Amino acid sequence: MTTATVPDKFIRTPLTEETIDAILTVYVDARAEFQHLEHYQLPRMRTQLLRHAQRPGCVATVAWQRENPVGYAYGCPLGPDNTWWPRAYPPPPTDITREDGQRTFRIDEIAILTSWRGTGTARKIHDHLLSGWTGRATLMVSPLAGNGKVQAVYEEWGYVPVAHAQPQNTSPVLTVMIRPGQKTA
């Protein structure tokens, strides 16, 4: 594990070329064990990031230690014509799937350098990404990630499973999770 336990800075930014490069630097390390699988290969991820960058409100938070990215999370608000809920099965009730662009923020990915795991950095990045968002948040997780430990962490953060989805034919079946909106003072 790294000797540093807190990144120097967290930057919330649109998905620019520079941000995508920083994300991919972390991605190569964080997903190294899976990159033999088509879904986790670097060219596919770059294409996905470029496509997601076109979505309204798509932003990322990147954590930095000195000039090196150590982790990231990115996502966007779900609009009424989203592809998130139509993929979910069994189909959740409409009171869960109704979207207007302000109700739910989808987190597409959270990743941390392997040397930074266990430092609390993933939670800090998650919280920084959602800072100012008072609506719900949703994400998908492989129930096998970390032998179930990643899903358990998300449950500790307040997420609950609501469905399953296979977003792409090359991806594993994922658990769709949702967290209620945050209370404001």
Side-chain angles (χ1 to χ4, degrees), residues 10-17 19-20 23 26-27 30-31 39-40 44-63 71-112 122-145 148 150-185:
F10 296 86
I11 298 176
R12 190 170 191 261
T13 177
L15 282 178
T16 63
E17 283 289 336
T19 303
I20 289 171
I23 286 172
V26 174
Y27 182 84
R31 303 291 186 253
H39 181 74
Y40 295 98
R44 190 212 60 83
M45 182 60 171
R46 178 177 287 283
T47 300
Q48 175 178 301
L49 287 163
L50 291 169
R51 187 177 70 247
H52 288 184
Q54 303 306 310
R55 290 187 185 142
C58 189
V59 293
T61 288
V62 180
Y72 67 89
Y74 81 93
C76 63
L78 286 176
D81 297 324
N82 70 82
T83 60
W84 190 266
W85 294 119
R87 297 184 252 203
Y89 62 88
T94 55
D95 64 317
I96 290 179
T97 62
R98 182 182 35 81
E99 298 297 349
D100 61 8
Q102 298 179 355
R103 185 173 188 223
T104 309
F105 190 91
R106 76 182 254 176
I107 299 175
D108 286 289
E109 182 145 319
I110 302 172
I112 306 296
R123 178 63 187 261
K124 290 178 177 96
I125 292 169
H126 167 274
D127 291 352
H128 194 273
L129 179 68
L130 294 176
S131 64
W133 183 265
T134 57
R136 309 179 308 173
T138 185
L139 52 76
M140 294 184 190
V141 61
S142 170
L144 303 177
V150 176
Q151 182 169 328
V153 165
Y154 293 152
E155 289 172 359
E156 289 174 14
W157 295 358
Y159 287 87
V160 293
V162 294
H164 297 283
Q166 187 175 13
Q168 300 168 358
N169 62 356
T170 59
S171 70
V173 173
L174 306 174
T175 301
V176 182
M177 303 182 81
I178 196 162
R179 186 185 81 175
Q182 302 301 299
K183 304 286 187 234
T184 56

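When a residue number appears, it is its place in the shown sequence, counting from 1. This structure is a prediction, so every number in the text was calculated from the model and none was measured.
Nearest approach of Pro172 to Pro167, heavy atoms of both residues: O-CD, 4.3 Å. Cys58 approaches Tyr74 most closely through the heavy-atom pair SG-CD1, 4.1 Å. Here the closest heavy-atom approach between residue Ile112 and residue Val26 is recorded as C-CG1, 4.0 Å. Here the closest non-hydrogen pair linking Thr104 and Trp133 is C-CZ2, 3.5 Å. Contact between Ala73 and Ile110 at its shortest, heavy atoms only, is CB-CG1, 3.8 Å. In this structure, Arg103 and Ile96 approach most closely via the heavy-atom pair NH1-O, 3.4 Å.
Taking 4.5 Å as the limit, every side-chain heavy atom of Glu155 sits out of range of all side-chain heavy atoms of Val141. Proximity of Tyr72 to Thr19: side-chain heavy atoms (C-beta onward) are nowhere separated by under 4.5 Å. Looking at Trp85 and Val162, their side chains come closer than 4.5 Å, going by heavy atoms from C-beta outward. Contact check for Glu156 versus Arg123: no side-chain heavy atoms found under the 4.5 Å cut-off. Contact check for Leu15 versus Ile23: side-chain heavy atoms found under the 4.5 Å cut-off. Annotation: side chain of Tyr154 is not in contact with side chain of Ile107 (no heavy-atom distance under 4.5 Å). Within the 4.5 Å cutoff, the side chain of Arg179 has heavy atoms near those of the Leu130 side chain.
A donor-acceptor pair under 3.5 Å links the side-chain atoms of Arg12 to the main chain of Leu129, judged by distance alone. Of the possible polar contacts, one joining the Thr138 side chain to the Met177 backbone as a donor-acceptor pair under 3.5 Å is found. Listed for the Asp127 side chain is no donor-acceptor partner under 3.5 Å among the backbone atoms of Lys124.
For residues 71-100, the salt bridge (Lys or Arg N to Asp or Glu O under 4.0 Å) pairs, not counting sequence neighbours, are Glu99-Arg136.
To the nearest 0.5 Å, the span separating CE on Met140 from CD on Gln166 amounts to 11.0 Å. One distance of note links CZ of Arg55 with OG1 of Thr83; it measures 6.0 Å at 0.5 Å rounding. Atom-to-atom distance recorded for Leu49:CG and Glu17:CD is 10.0 Å, nearest 0.5 angstrom.
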How far apart are the C-alpha atoms of Phe105 and Val59, what are their side-chain angles, what is the distance that settles it, and do they pass the side chain to side chain contact (heavy atoms under 4.5 Å, CB included) test? CA-CA 10 Å; Phe105 190 91; Val59 293; 4.0 Å; yes
Could you go through the side chain to side chain contact (heavy atoms under 4.5 Å, CB included) check for His52 and Glu109 one step at a time? CA-CA 11 Å; His52 288 184; Glu109 182 145 319; over 6 Å; no
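Between Tyr89 and His164, the ring-plane angle classifies as tilted under the 30° and 60° cut-offs.
For the ring pair (Phe, Tyr, Trp, His ring centres under 6.0 Å) test, residues two or more places apart in sequence or in another chain that qualify with His128 are Phe10.
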